[in-house]
Amino acid sequence: MANTNDKVIPKEFLWGGAVTSFQTEGAWNEGGKGPSIVDARPVPENHSDWKVAIDFYNRYKEDIALFKDLGFNAYRTSISWSRIIPDGEGEINEEGLTFYDDLFDEMLANGIQPVITLYHFDLPLALAEKYNGFASRKVVDLFERYARVVFERYAGKVKYWLTFNEQNLVLTNTHHWGAILPDDNQEAFRYQVTHNAFIAHAKAVKALHELVPGGKMAGMVTYLTTYPATSKPEDTIANLKAKELLNDFYFDVFAHGEYPSYITSNLHSKGIMPVFEEGDAELLKENTVDYLSISYYQSQTVKHIPGNEGALISGVTPNPNLKTNEWGWAIDPMGLRVALKDMYARYRLPIFITENGIGAREELDENNTVDDQYRIDYLKGHIQQMKLAMEEGVDVFGYLMWGSTDILSSKGEMKKRYGFVFVNRDETDLRDMKRYKKKSFDWFKKVTASNGTVL
């Protein structure tokens, strides 16, 4: 059989980049925006706050021109809930809505489809302080209200939506959903917040399908491919159990609309099944997703640890067979193919890769550029494995790299750079924030121009 790899990507495939509002926009208290939990985070030494970020709020036209030059036909960002409803529950801020109108119009005018995340770890601060975030069903209902406001406003401009960024992190990182752990019964609390996030997600799916004809909603996870640490059967079982809690639980609810039995049996045996309010089961069942979305960066191994069976997720360890970046993240392009094949075999839903990239310390050289061949090698390897998965029958309809321009990392590090475009600022010195093209810029331009045939 002839190699079809060069023809495997459909011509309507989505190529682009992905960011968040809080890592790019700045203007943290401009345009009527209220504070979010991100704005209230303590800033560690040698890190940045979020007040200016890369000033996308004021410079988006310049950046979108660069994205057009790159050949992007899609760009993912998030809407800041506190820019739309400053306290999360009160009056709607028209100035905030207008900003995203203008942003989406500029993207569309340049042939770039907005791919929009409703929530990326930036709850309005008032909802965290007043209700303990998504620990409260009140916040679930307020999220639905916010979602309906933006669906109605942008119905003609945005087709592809995601509810929560990396929703599988809710179980281990409830603080990203504005929920602070209690002193006791923490596991029960974690699962209740996880359930509330599922209900908020389902309410948003329902609202989108009601309000946006042709609108497509995803469930998203940060996919950690895992392998058994050895060929011992105990490690294989440990790996399966870790995978269930890291990835499968969320996809099973997104795609099948119900909790899988490996979760319910465990929760019932511990007596910590979350409270299902009347109608919850039906809501989940009737509002499944249109596609699945992942961020993918790395893989790990899992080993059986005797006596550790009660741990939430146990035995996840680095893979000694893989190189890592300087932050210790394993570089494993084939792990992306493993993820894609497994997801498609289980769910038969289209897949959108909405984050993939590599962070590195970088500064401009004497030619005002960055020779980031390592980024080209990283992205090329992952795109090649994506193409092989597609050749093997997996339905992937888009690939977004993480960053596009350099942005603040999720912890406020400017030194951890991901983009095709160098942004001239560091953690504490804003410099002039001028944009400079890296070596990878011209490489990715060829990728998009050839629809992935030239790597």
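Every heavy atom of this structure was used, including side-chain atoms; hydrogens, water molecules and symmetry mates were not. The structure displayed is predicted, hence computed values, not measured ones. Residue numbers start at 1 and run along the sequence shown.
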Plane angle bin for Phe104 and Tyr100 - parallel if under 30°, tilted between 30 and 60°, otherwise perpendicular: tilted
Please check: side-chain N/O of Tyr146 versus main-chain N/O of Leu118, any donor-acceptor pairing under 3.5 Å? yes
Min side-chain heavy-atom separation Tyr436-Asp365 under 4.5 Å: no
Under the criterion side chain to side chain donor-acceptor pair (under 3.5 Å), I'd like the reasoning laid out for Ser314 against Asn308: C-alpha separation, chi angles, the key distance, then a yes or no. CA-CA 7 Å; Ser314 175; Asn308 210 27; 2.8 Å; yes
Any idea how Phe254 and Tyr250 line up, ring-wise: parallel (<30°), tilted (30 to 60°), or perpendicular (>60°)? tilted
Would one find more than 12 heavy atoms of other residues, nucleotides or ligands at under 6.0 Å from atom CE of Met334? no
Would Arg435 and Asp63 count as a salt bridge (Lys or Arg N to Asp or Glu O under 4.0 Å) here? Give the steps. CA-CA 8 Å; Arg435 275 61 164 156; Asp63 287 348; 2.9 Å; yes
Knowing that exactly one of Phe134, Phe164, Phe249 qualifies, which makes a ring pair (Phe, Tyr, Trp, His ring centres under 6.0 Å) with Phe198? Phe249
Output yes when Glu363 and Arg431 qualify as a salt bridge under the 4.0 Å nitrogen-oxygen rule, no when they do not. yes
Going by distance alone, is a donor N or O of one side chain under 3.5 Å from an acceptor N or O of the other, for Tyr60 and Glu25? no
Would you confirm whether Arg145, through its side chain, and Ala147, through its main-chain N or O, come within 3.5 Å as a donor-acceptor pair? no
Polar side-chain atom of Asn132 near backbone of Ile180 as donor-acceptor pair, under 3.5 Å: yes
In this structure, are over 12 heavy atoms from other groups packed under 6.0 Å from Glu91 atom CD? no
Could you tell me if the side chain of Leu224 sits less than 4.5 Å from the side chain of Gln298, heavy atoms only? yes
Got a donor-acceptor contact below 3.5 angstrom from the Asn93 side chain to the Arg83 backbone? yes
Side chain Asn247, main chain Thr225, donor-acceptor under 3.5 Å: no
Mind jotting down which residue pairs meet the salt bridge (charged side-chain N to carboxylate O under 4.0 Å, His left out) criterion with at least one end in residues 98-118? Sequence neighbours excluded, please. Asp101-Arg153, Asp101-Lys157, Asp105-Lys157
Is there a side chain to side chain donor-acceptor pair (under 3.5 Å) between Tyr131 and Glu89 once you walk through the steps? CA-CA 11 Å; Tyr131 301 112; Glu89 62 179 334; 2.9 Å; yes
Can you check whether Glu392's main-chain N or O pairs, donor with acceptor, with Lys341's side chain at less than 3.5 Å? no
Quick one: pull up OG1 in Thr428 and NE2 in His47 and give me the separation to the nearest 0.5 Å. 12.0 Å
Going from CG on Leu171 to CH2 on Trp177, what distance comes out if it is rounded to the nearest 0.5 angstrom? 10.0 Å
Is it possible for you to check whether Lys416 lies under 6.0 Å from the centre of the six-membered ring of Trp329, through NZ or CZ, and within 45° of that ring's axis? yes
If you measure from CG on Asn168 to OG on Ser295, what distance do you get to the nearest 0.5 Å? 7.5 Å
What's the spacing between Asn319 CG and Ser299 OG if we round to 0.5 Å? 5.5 Å
Output, in order, the C-alpha distance, side-chain angles, deciding distance and verdict of side chain to side chain donor-acceptor pair (under 3.5 Å) for Ser78 and Thr20. CA-CA 5 Å; Ser78 59; Thr20 77; 4.8 Å; no
Which residue pairs pass the salt bridge (charged side-chain N to carboxylate O under 4.0 Å, His left out) test when at least one of the two sits in residues 179-196, sequence neighbours left out? Glu187-Lys270
I'd like to know if the side chain of Asn110 reaches the main chain of Ile112, judged simply by a donor and an acceptor atom lying under 3.5 Å from each other, with no hydrogens or angles considered. no
Any carboxylate oxygen within less than 4.0 angstrom of a Lys/Arg side-chain nitrogen, looking at Asp248 and Arg346? yes
Answer yes when Lys130 and Asp87 have at least one side-chain N-carboxylate O distance shorter than 4.0 Å, and no when they do not. no
Rounded to the nearest 0.5 Å, how far apart are CD1 of Ile351 and CZ of Phe397? 9.5 Å
Side-chain donor or acceptor of Thr226 paired with backbone N/O of Gln300 under 3.5 Å: no
Run Lys243 and Asp342 through salt bridge (Lys or Arg N to Asp or Glu O under 4.0 Å) and show every step you take. CA-CA 11 Å; Lys243 179 177 177 286; Asp342 184 71; 2.9 Å; yes
Assess whether side chain to side chain donor-acceptor pair (under 3.5 Å) is satisfied between Asn356 and Tyr399, documenting all intermediate values. CA-CA 8 Å; Asn356 175 236; Tyr399 172 89; 2.7 Å; yes
Could you check whether any side-chain N or O of Asp290 sits under 3.5 Å from a backbone N or O of Met217, counting only pairs where one atom can act as donor and the other as acceptor? yes
Keeping the roles fixed (side chain from Tyr378, backbone from Gly357), state whether a donor-acceptor pair exists under 3.5 Å. yes
Under the criterion side chain to side chain donor-acceptor pair (under 3.5 Å), which of Lys438, Lys415, Gln23 is the partner of Asp406? Lys438
What distance separates Ile9 CD1 from Asn451 CG, expressed to the nearest 0.5 Å? 5.5 Å
Salt bridge flag under 4.0 Å for residues Arg148 and Glu144: yes
Do Arg417 and Asp372 sit within salt-bridge range, that is, some charged N less than 4.0 Å from a carboxylate O? no
